[in-house]
Number of protein chains: 2
Amino acid sequence: MLAAVLQVRAGSLQVMLWERAREPHAHRWSLPGGGLGDDEDVEASIRRQLAEKVDVRQLSHVEQLAVFSNPARVPGPRVVATAFLGLVPSHIDPVVPSDTAWHPVDALPATAFDHEAICRRARSRLASKLSYTNLGFALAPPEFTISALRSLYSAALGYKVSATNLQRVLSRRGLLEPTGGTVQPGPSGGRPAALFRFVSGKMRVTDPFAVLRPPSTRSLGS
Amino acid sequence: MLAAVLQVRAGSLQVMLWERAREPHAHRWSLPGGGLGDDEDVEASIRRQLAEKVDVRQLSHVEQLAVFSNPARVPGPRVVATAFLGLVPSHIDPVVPSDTAWHPVDALPATAFDHEAICRRARSRLASKLSYTNLGFALAPPEFTISALRSLYSAALGYKVSATNLQRVLSRRGLLEPTGGTVQPGPSGGRPAALFRFVSGKMRVTDPFAVLRPPSTRSLGS
DNA sequence: CCAGGTTTTCGCCTATCGGTCGAAAACGTG
DNA sequence: CACGTTTTCGACCGATAGGCGAAAACCTGG
């Protein structure tokens, strides 16, 4: 029962880790988590565990990632871990305990147990779902410019995406709408950028945008 | 630790269930599974469990589905279940124990516990992955005609797909290749159908076919 | 206040993809 | 050998994605 909480910060995708104080694997970095209570399911439990690190309301998305169960994944008696993927929108800077910090997922410090593999899985899952679902909303602030959204996607995917194309794809899927507002340009000038938001009601993960659709039923969204 | 093993049989997507002999939920149908051994991970464990029902070599694909952990999902002390999706190619008719039978997933009998919800999740996962991955290979025999493949996809997805389009989409993804052979037409005549196979090396689940690709890297497959 | 630099926005072009249809191919039967 | 049947394949069309460059809208420096 542990979670890879991801957020785009300072232009790179980062994961929240805490530094172990005790053996085994003292001073190595590990994912937050904890045991399952008797009266909660795993989703409720991981949200409770994470509440010690970040405010639960700051998590824009939580989903099961996978079960990690290699008998040798931790020393001593076997521990089966149900891993979660958590996401925090980029405009939030959660207050975290002093032993906890954010690390870029592609420059991880020495990690404990199999937590590096779990981080990789989380990164991979996020990249996939950004492409074929509307999960992007979970990384973005309530309002954003297209170029801000572009840098979020680029950081999470690991490669540059075209701002033009990103806007068009998301718009065509009916996910994006303009707020009407704009932001002032920076000190170097430039046209003011228009603000957008994700359409409310599309702020949960929807079905993938499938190929091989049913015949001639021209329904795109729900 | 339990599995929804799916197969297309007699034109419909079916799931392997066994009838409980004892309380609780006697005479209701439930998914096969069992406990986790000390020296195995969950994948190995579920394959071992399933070996009692079907030969493991007949399973063309096994993947984690989700963890089901509602405290009330079974009577008595809470049991956390790691659910799997298993697939059997359509040309195989496994020998199953006498208490075990196949049931269409959209006409399930009275099921035990939350197993109906697990079946629905398995069905949904399969439908999604058929669309955006190459998972189709796991439902198909080693060689097949396009119309046979079409009926497999139709049964698994729950709606008709176009044979023309199915062949083109899979071919363009580089998944399908002709064997050169043909099958004799049925008693009512017709042109002999060409046989195809999934390209070897593409018989594992690949990355989803993503949108928002990296810029101007004209690489489709791997 | 105007020229030049910067950033965003938008329209257009092209390639590809998915959906559909219908003709042609290749077989059986009467 | 005409006809029905089934498969195959080419052609068309709309939708989608990627790319490019012009235009818009702002800044600063002269």
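Here the structure is a predicted model, which is why all the values come from computation and not from measurement.
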>> Under a 3.5 Å cutoff, is there a donor and acceptor pairing between the side chains of A:Q64 and B:Q64?
In response: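 Note: A:Q64 and B:Q64 side chains miss the donor-acceptor criterion.
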> Is it true that the side chains of B:T100 and B:K53 contain a donor and an acceptor less than 3.5 Å apart?
Replying inline: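 Present: a donor and an acceptor within the cut-off.
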> End-to-end bend of the helix from C:dC1-D:dG30 to C:dG30-D:dC1 (five-pair axes, 10° rounding)?
Replying inline: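 Computed from the C1' atoms at both ends, the axes differ by 10°.
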>> Which residues in residues 178-190 of chain B have a heavy atom closer than 4.0 Å to any atom of DNA chain D?
In response: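 Residues of residues 178-190 of chain B that come under 4.0 Å of DNA chain D are, in numerical order, B:S188, B:G189, B:G190.
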>> Looking at A:R168 and D:dG19, is any side-chain donor or acceptor paired with a base atom of the opposite kind under 3.5 Å?
In response: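 Indeed, a donor on one side and an acceptor on the other fall under 3.5 Å apart.
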> B:E177: what forms a salt bridge (charged side-chain N to carboxylate O under 4.0 Å, His left out) with it, not counting sequence neighbours?
Replying inline: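 Salt bridge (charged side-chain N to carboxylate O under 4.0 Å, His left out) list for B:E177, sorted by chain: B:R197.
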N/O-N/O pairs, protein side and nucleotides 21-23 of chain D side, under 3.5 Å:
none

> For D:dA17, does OP1 or OP2 lie under 4.0 Å from any side-chain N or O of A:R172?
Replying inline: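 For D:dA17, OP1 or OP2 has a side-chain N or O of A:R172 closer than 4.0 Å.
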> Is there a side-chain polar atom (N or O) of B:N165 under 4.0 Å from OP1 or OP2 of C:dG19?
Replying inline: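 Yes, because at least one side-chain N or O of B:N165 sits under 4.0 Å from OP1 or OP2 of C:dG19.
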> Looking across every strand, which nucleic acid part, if any, lies under 4.0 Å from A:S162 by heavy atom: base, sugar-phosphate, or nothing?
Replying inline: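 Here A:S162 touches no strand at all.
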>> What's A:A163 touching, base or sugar-phosphate or nothing? Going by heavy atoms closer than 4.0 Å.
In response: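 If one applies the 4.0 Å heavy-atom cut-off, A:A163 turns out to touch nothing in the nucleic acid.
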> Which residue pairs satisfy the side chain to side chain donor-acceptor pair (under 3.5 Å) criterion with at least one member in residues 5-15 of chain A, sequence neighbours excluded?
Replying inline: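 Residue pairs with at least one partner in residues 5-15 of chain A: A:Q7-A:R9, A:R9-A:D93, A:S12-A:Q14.
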> Is the distance between the ring centroids of B:F198 and B:F144 less than 6.0 Å?
Replying inline: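 Ring-ring flag for B:F198/B:F144: true, centres closer than 6.0 Å.
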>> So, using side-chain hydrogen bond (donor to acceptor under 3.5 Å, both in side chains) as the criterion, who are the partners of A:D106 when residues are at least two apart?
In response: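 Per chain and number, A:D106 pairs via side-chain hydrogen bond (donor to acceptor under 3.5 Å, both in side chains) with A:R123.
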